[in-house]
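For this chain, numbers begin at 1 and follow the sequence in order.
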Amino acid sequence: MSLATEAGARSAAVLTVSDSVVAGSRQDGSGPAVAEALEKAGYQVVTREAVPDERNHIENALVQLCEQARLVVTTGGTGVATRDVTPEATLSICDREVPGIGERMRAEGIKQTPLAALSRGLCATRGSSLVLNLPGSPRGATESLAAVIDILPHALDLLAGKTAHGPSK
C-alpha cells in the first residue's frame, strides 16, 4: 500500500512550477490560492512545494508527491511558451490521461477569457493518485480547479477500486 493510499482519499499536494518563485523573485500566488480552495472543498493539503520549469524537476517532484497524496495539483507551466513543460512531465510519469477533465477546465475557462484555449493543462493517473495541471495565474488556477472540483472525488474513488454503482435514477 502506498503512502498516498494510507493518507486517505481526501489528501492533496500542491506543486507550483515557476522559475521565478523558486528564484525568489516572485511570490507564489497560485499555490496558496489552490491549497485554500482544496481545503475549503474538504481536502487535507499535506504539502506545498515549488520547482523550476524544468522537466526533470517536475517529474521527480510528481513521483514523490504521488506517494504522499491521492490528489496532486500543479500550477504553472501549462501554456505554450518554450519552458512550459508541465503537461509533458506529467504524462511521462503517469499511467493514463483523463482527457475530459482538461477539456472541462478549458471549456469553462473560455467563458471567462478566450486565452484559456492556450492552456494545455491536463489530468492523468499514477497508481491510485490523480495529477491535475492548472494554469499559473491565481485566477486561472482557481477557476480551472472550480470547474472540476465536483468530479474529483468520484475519480479518486474509482482509482481506489470503489467501482460499485448505486441504483440508477
Tell me, with the steps shown, if V131 and L62 meet side-chain contact (heavy atoms from CB on, under 4.5 Å). CA-CA 8 Å; V131 179; L62 289 174; 4.0 Å; yes

Testing the basics here: between A116 and G109, what is the closest heavy-atom pair and its distance to 0.1 Å?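 Here A116 and G109 meet closest at CB-C, 3.4 Å.
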
Donor-acceptor contact present, side-chain [X] to main-chain [Y], <3.5 Å:
X	Y	answer
D28	V21	no
T74	T86	no
D53	D19	yes
N60	H57	no
S11	A69	no
R70	L130	no

Heavy atoms, side chains only, cut-off 4.5 Å: are T78 and L134 in contact?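 No, too far: nothing below the 4.5 Å cut-off.
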
Could you check whether any side-chain heavy atom of V73 comes within less than 4.5 Å of a side-chain heavy atom of L15, counting everything from C-beta outward?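 Not in contact.
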
Picking from S30, S18, S144, what satisfies side-chain hydrogen bond (donor to acceptor under 3.5 Å, both in side chains) with T75?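 That would be S30; it is the only one of S30, S18, S144 passing the side-chain hydrogen bond (donor to acceptor under 3.5 Å, both in side chains) with T75.
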
Residues that, via side-chain heavy atoms closer than 4.5 angstrom, fall in one hydrophobic cluster with L118: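 Members alongside L118: L115.
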
Quick check on R26: does its CZ atom have over 12 non-hydrogen neighbours (other residues, nucleotides or ligands) under 6.0 Å away?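 For R26, atom CZ is crowded (more than 12 foreign heavy atoms under 6.0 Å).
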
Which residue pairs pass the side chain to side chain donor-acceptor pair (under 3.5 Å) test with at least one member in residues 115-126, sequence neighbours excluded?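 Qualifying pairs, neighbours excluded: E88-R120.
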
Got a list of side-chain donor-acceptor pairs under 3.5 Å for residues 33-42, not counting sequence neighbours?
| residue | atom | partner | partner atom | Å |
| --- | --- | --- | --- | --- |
| E36 | OE2 | K40 | NZ | 3.2 |

